[in-house]
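Naming convention: chains lettered A, B, ... in sequence-line order (proteins, then strands); numbering from 1 in each chain.
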Amino acid sequence: MEKIKTVKGGQFLVQQSDPQNIFIPEEISEEQKMIMDTCRDFQEKEIFPLLDEIDSQKEGLMPLLMDKAGELGLLGISIPEEYGGFGQDMNTSILSTEVMGTYSSFAVAFAAHVGIGSLPILYYGTEDQKKKYLPKLASGEFKGAYCLTEPEAGSDANSGKSKASLSADGTHYLLNGQKMWITNGGFADIYTVFAKINDDKYLSAFIIEKDFNGITLGQEEKKMGIKGSSTCMMFFEDCKIPVENLLGERGQGFKIALNILNNGRIKLAAAVLGAAKKVISNTVSYANERVQFKNPLANFGAIQYKMAQQAIRIYTIESAIYRCSNDIQNSMHQLMEDGLLKEKAVIQAQKEFAAEAAILKVASSEALDYVVDEGVQIYGGMGYSTEAPMERAYRDSRINRIFEGTNEINRMLIVDYLLKKAFKNELPLLSASKNVVKELMSIPEFGEENTSLLALEDKLILGFKKCALLITGAAAQKFMKKLSDEQEILMNIADIIIDCYQAESLLLRVKKRIDLKGLENCSEQIAMCKVFFYDAADRIHKNAKDAANSIAQGDELRMILLGLKRFTKHSGLNSKEERRLIAKKLIEENRYCF
Amino acid sequence: MKIVVCIKQVPDTTEIKIDPKTGTLIRDGVPSIMNPDDKSGLEMALQLKDEYGAHVTVITMGPPQAELILREAYAMGVDRAIHLTDRKFAGADTLATSHALAGALRKIDFDLLITGRQAIDGDTAQVGPQIAEHLDLPQVSYLQDLKFDGVKTFTMKRHIEEGYQMLEVDAPCVVTVLSSANKARYMSVGGIVDAYQKEVEVWGFNEIEVDEANLGLKGSPTSVYKAFARGLKPAGELYEVETDEAVGIIIKKLKEKFILN
């Protein structure tokens, strides 16, 4: 087997990446394609005809659909074979999550079960716990849920008040407390519940079966969207948990909760991608059909702009998602070669790419919100009607910016994870930042003339990263440990980093695609790359300028502002024509086709 | 019981477009699928397997990429897959195709041979019946349903223009199946994983029992004179009148066209 070149988390910001090192969806294997086909068949035949019934929470329907998914093996894709699953790799798991994400209410139930409902036991369970629960979770006989949030402990999860006390004879814990927003709460059989033991500082995790005494379910919550997804409060009153159902070690729960979220964020991004592709396909086909002023809507430039923009954002986030999932997969293999057990290697690899996962979560959920918003707009009056698919898609999209950590929390985490790595000397962020300052003080080098097709983008990506490094370095130096109090600046920095990761992933993908498919089959992809960079240059400049004005003054500020201008300098682009080219392809194919 | 199912890889005609200049199908970039009638035939075999423990073999003739539908068949649950591929088979019409398949089937022991009624790329419905003739086996076409008595007799429900015909037929025999006969099962994830660990047997001319003169272009009496896209029908005339008057108008029109006299 050829030696895998593993990259480190956050490394993208300080080094150049090689297109050959990334995985792009154009490379999926026949076997992966077949698994996706099964997922797609299942979505179109079992879920699509029942969307209204699912949203009305028809009694017993969601668990029945989960059972059907279980029969097909869809719930066991990531569970190892020795525990009744199919042990598929990270990329396959993300590919299937994407397709299973098409219709959101079911997607949320599915993702909660295979993700936060099953993974804590897979990653942290003892052998006995895994043997007892995983095969039934993989088959769907047991449905899983995850209970972290409390009425007064949302984003600040560790502040929860639920308490478990060890019985005098040491055989069980008695759990008291309240949990809320429990996805699948209404029908789950197995709950991973977080609570503090006695007066511990940190949470512990427990596996709770629904038949344990002392559990009361609240009413189904009435929600804006994903109405078919079961969401309940749960009350625990002297709920008796056998000691062997402590998951992981005492006090390890908060760590478990955070690590599971790393996986949850990239999975969320994948599911959102699946939903977005469907929305774009519906939008394009409506724009082709609907005639006004004797023209299909698709003939109008204003509509073409929107459709092209939808495609650009989704193709870009897709590039970033599969780059990241492959990096995690490679990193996991490397860690296993170094002697780590598989489950430990998975956790470690996902943690390594925690910043990237947070980037994907924010960027994908905001891209979907754009896609559904313009979807409603293109449908016009019909977009506002419950008769057409856009109204549901619009409502269902909104939760993605809230769960798995709000986008604000995730933006702060992006910067936090990267700076932590820098301070631990795992990532040469600060030295790279100093080099940018040094470069600004010296006479600019013009280097060799790059005449390749994406020469401007090659140059810009370096400049984008320099902006990120310059601002991050300046902010860290100025505010030191108090940087966390400057949330507005953190938001700016996060947005720059998000743009950097997306832009580079897109550029790498398009280059690899050109190698694989030939230049003649990449016109629209090249156009997407050019437009994204053209827009990103201004976005990055604006975010960086805003941050700089809040960080520096006088000569330092002037130097930074000059640098930002230089690093984001774009020679111009007829973005109207590029977008029209992208839209033309969408219109011809009558669906999302990239 | 041993069952063989013949399947074919076809372009997904729901995705296909016609070149307005040449009038031929644009096949570039059109996804390939298992022919729907064949898929129902396969489902019928798998249901017999579920109930009676039958051994199911699938066979296809086609270029190397046709292997994909054999993997798909494995993922649905068949026991054996044979891929008939050889340059000597190239350019075959329905007759030469049925000769090649019959040549392979002479090497396989079976009680029931199932094919789809017809393939969506040619719509001929000829290959199944031709195979039955070459092998001198009884055939029942256009099957809507099939039941097995557990010994050797099948009860068949055959779709005919006016309704259904019920037949009892003993094994061995050949049937062709309609896609409306059942709803084909999904490939399961476990099935897909297994499918890529199983062997697809590749058979060429040397593995089968057939006269070479009957194969490929040489064995194909059919030649296509011209392919063209059918023109659009002109818009119809619409009359909003009472029934009696409408009947009168229809009869008059039919007489004008000499359909009635």
Item to complete: Please say which of A:N590, A:N299, A:T283 ends up in a side-chain hydrogen bond (donor to acceptor under 3.5 Å, both in side chains) with A:N288.
Response: A:N590
Practice prompt. Give, as side chain, backbone, both or neither, the part of A:E46 having an atom under 4.5 angstrom from any heavy atom of chain B.
Written response: both
Fill in: Greater than 12 external heavy atoms within 6.0 Å of B:K198's NZ
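Atom NZ in B:K198 is crowded, with more than 12 foreign heavy atoms closer than 6.0 Å.
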Worksheet entry | Geometric cation-pi criterion, A:K277 with A:Y592: 6.0 Å, 45° |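 Relative to the ring axis of A:Y592, which defines the angle, A:K277 lies outside at least one limit.
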Discussion item. Less than 4.5 Å to any heavy atom of chain A: does that hold for the side chain of B:R71, its backbone, both, or neither?
Written reply: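 Contact with chain A: backbone and side chain both.
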Worksheet item: For A:Y103 and A:E44, does a side-chain donor sit closer than 3.5 Å to a side-chain acceptor?
Response: yes
Worksheet item: When only pairs under 4.5 Å are counted, which of A:E589, A:K45, A:Q88 shares the most heavy-atom pairs with chain B?
Response: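 So the answer, after comparing A:E589, A:K45, A:Q88, is A:K45.
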